[in-house]
Amino acid sequence: METKGETTTLGGINDFSVGAGELDELWIAALGEIEIQVSKPNFITWFKNSHLLIKEGNGATISLPNNFAKEWIENKYCKVVLGALRALDETITKVDFVVAGGKEAVAQKKRTMNQSPAMSVAQTEFPEFKIDPETNLNPKYTLASFIVGKSNELPYAAASAVVEDVGSKYNPLFIYGGVGLGKTHLMQAVGNEIKERYQGRIKVRYVSSEKFTNDVVWGIRNKRMESLKEKYRNVDVLIIDDIQFVIGKTSTEEEFFHTFNALYENNKQIIISSDKPPKFMPHLAERLRSRFEGGMMADIDYPDYELRFSIIKAKLADRQAQLTEEVVQFVATKLNKNFREIEGALNRILFFQKTKGAVITPKMASEIIDELVQAPSKNISPNEVLRAVADSFEVSIAELESASRKRELVHPRQIAMFLLREMLDLSYPNIGEKLGNRDHTTALYAYEKIAKEAQKNQALSQKIMAIRELISGE
Ligand code: ADP
Ligand code: MG
């Protein structure tokens with residue numbers, strides 16, 4: 001999966017660079033909803049480069065970059081997409097999907113343009129942000145736009161210190177915290193600031209863990225490790241986001257370790273983010289753990305009310321939009337998990353305000369948010385995992401649990417072992433016992449084998465993703 005520097009979220013994954021029209025605006029708001037309903041890897045994989053191409057009568061047509069995405073979304077997410085659109089525009093009662101650039105899509109786009117030229121005229125100018133190919137940084141993330149509160153003042157201070165004193169003071173800088181709390185924003189802001197301040201004399205590179213993993217896998221497969229080394233070791237500042245996705249992937253972690261050392265020994269700055277601190281990363285090799293812990297660790301915590309309030313105000317100012325004080329207070333009180341959720345809610349509220357031409361009241365805001373906030377994820381049982389694996393391979397649970405070593409059972413059983421570990425964190429002895437009274441080493445082997453294969457084999461990783469979806473039931 002090729003991701004841009006920015007690994008997720010509204011607009012960022014879809015290039016709405018030219019002045020976005022009404023359709024784009026509607027689609028951005030709908031994506032906000034979809035993003036909350038599907039898992040992050042799925043959202044990025046399937047909704048990247050999607051657009052709302054046409055809205056005609058009661059139908060909406062979404063364009064997708066390829067056939068694969070089209071089929072997948074048609075089969076799996078049709079309802080989610082329709083639901084998200086309908087919540088914003090109740091006249092929409094059906095959606096269909098076309099492949100972008102396909103004849104059909106082009107013809108349809110032409111038709112819409114002819115019919116209502118106004119639609120293609122920009123209604124709201126979305127700021128145009130281009131990822132810098134040299135550094136892979138998104139210029140929209142700046143320190144100036146990072147609002148500081150109690151929950152993030154330490155990482156902010158550390159980040160600012162790194163800008164002043166690159167490579168020596170806080171090295172590595174390790175920022176950790178939950179989803180949507182501003183890790184990517186802060187790290188990219190440091191990169192942008194360094195780039196600007198030192199006018200290119202200090203070479204920065206930002207990379208997501210997915211991208212790094214892809215590069216390593218590609219380098220190994222094509223025997224081009226030299227150019228990979230060149231790319232990642234020939235910088236003064238390496239920023240690597242969401243390192244938890246690299247940990248435990250043998251060859252990628254190994255390559256990262258060497259990259260880290262090469263940079264570290266030459267006093268180059270390394271900035272890392274993770275969803276948890278090193279001590280809670282069970283698969284992290286000891287040698288990396290001690291390196292990480294030897295630098296500056298800073299956690300971003302959940303924002304308090306003041307910070308949530310200030311961020312909402314700042315986002316409104318950014319967009320030159322207005323909401324009453326009451327509504328701002330209401331949103332800041334109600335949404336207390338993370339900024340991504342807050343942004344999603346704001347997108348929808350502003351969209352309503354604009355289309356309905358009404359002043360939003362707290363009651364309306366409340367209804368909009370209620371629709372948006374997802375039911376808490378339910379607890380998953382081992383049997384649900386087995387059920388989903390059995391169904392998707394057309395075997396029975398009893399067969400998975402049996403001692404049989406038939407080939408058509410071995411593979412699904414290994415996937416079941418993998419998922420029991422990955423999703424439920426069951427112990428290996430426990431997994432082995434559950435699946436045919438096998439030794440814990442069998443479960444361990446299965447886990448590692450599938451983890452490794454899924455890295456290289458896209459069909460397998462997609463299959464696993466699909467099973468996970470079945471289990472968590474969208
Ligand atoms: P993470 O990487 O921790 O998941 P992000 O950096 O992607 O989180 O933040 C999610 C969204 O919230 C982004 O749009 C980001 O710009 C915004 N955001 C997060 N923290 C702040 C902050 N302190 N000030 C302003 N915007 C923020
Ligand atoms: Mg992030």
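As the structure lists them, so they are numbered: ligands from 1, and atoms in each ligand from 1. None of the values given here were measured: they were computed from a predicted structure.
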Atoms in ligand 1 flagged as close to [X], the criterion being non-hydrogen separation under 4.0 Å:
{"X": "Ser145", "value": "24 (N), 25 (C)"}
{"X": "Val179", "value": "4 (O)"}
{"X": "Lys315", "value": "16 (O), 17 (C), 26 (N)"}

Heteroatom proximity flag, [X] to ligand 1, N/O under 3.5 Å:
{"X": "Gly182", "result": "yes"}
{"X": "Val148", "result": "no"}
{"X": "Phe339", "result": "no"}

State plainly whether the residues Glu164 and Arg197 are in salt-bridge range, i.e. N to O under 4.0 Å.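 Salt bridge present between Glu164 and Arg197.
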Is the backbone of [Y] close enough, under 3.5 Å, to the side chain of [X] for a donor and an acceptor to pair up by distance?
{"X": "Ser160", "Y": "Tyr156", "value": "yes"}
{"X": "Asn266", "Y": "Lys268", "value": "no"}
{"X": "Arg348", "Y": "Gly32", "value": "no"}

Measure the acute angle between the ring planes of Phe174 and Tyr176, then classify it against the limits of 30° and 60° as parallel, tilted or perpendicular.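 Tilted.
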Should the pair Phe256 and Phe212 be assigned to parallel (<30°), tilted (30 to 60°) or perpendicular (>60°) ring geometry?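 Phe256 and Phe212: perpendicular rings.
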Just let me know how [X] lines up against ligand 1, side chain, backbone, both or neither, with a heavy-atom cut-off below 4.0 Å.
{"X": "Ile311", "answer": "side chain"}
{"X": "Ser273", "answer": "neither"}
{"X": "Asn152", "answer": "side chain"}

Within 45 degrees of the axis of the six-membered ring of Phe257 and under 6.0 Å from its centre: does Arg287 put its NZ or CZ there?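 Yes - Arg287 lies over the ring of Phe257, closer than 6.0 Å to its centre and within 45° of its axis.
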Any non-hydrogen atom of [X] lying under 4.0 Å from ligand 1?
{"X": "Gln188", "result": "no"}
{"X": "Gly178", "result": "yes"}
{"X": "Tyr141", "result": "yes"}

Could you measure the distance from the CD1 atom of Ile147 to the NZ atom of Lys313? Nearest 0.5 Å is fine.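 Those atoms lie 12.0 Å apart.
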Between Glu254 and Ser251, a side-chain donor and acceptor under 3.5 Å: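 Their side chains do not contain a donor-acceptor pair, so the 3.5 Å distance test is not met.
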Given Ser151, Gly180, Gly344, which has its nearest heavy atom closest to atom 4 (O) of ligand 1?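 Going through Ser151, Gly180, Gly344 one by one, Gly180 has the nearest heavy atom to atom 4 (O) of ligand 1.
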Going by heavy-atom distance to atom 18 (N) of ligand 1, choose the closest among His185, Met187, Arg340, Glu341.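 Nearest option to atom 18 (N) of ligand 1, by heavy atoms: His185.
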Closest heavy-atom contact between Met187 and Ile271?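 That closest heavy-atom pairing would be CE-O, 3.6 Å.
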Any N/O/S atom, backbone or side chain, of Thr184 lying under 2.8 Å from the Mg ion (ligand 2)?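 Of the N, O and S atoms in Thr184, at least one lies under 2.8 Å from the Mg ion (ligand 2), which means yes.
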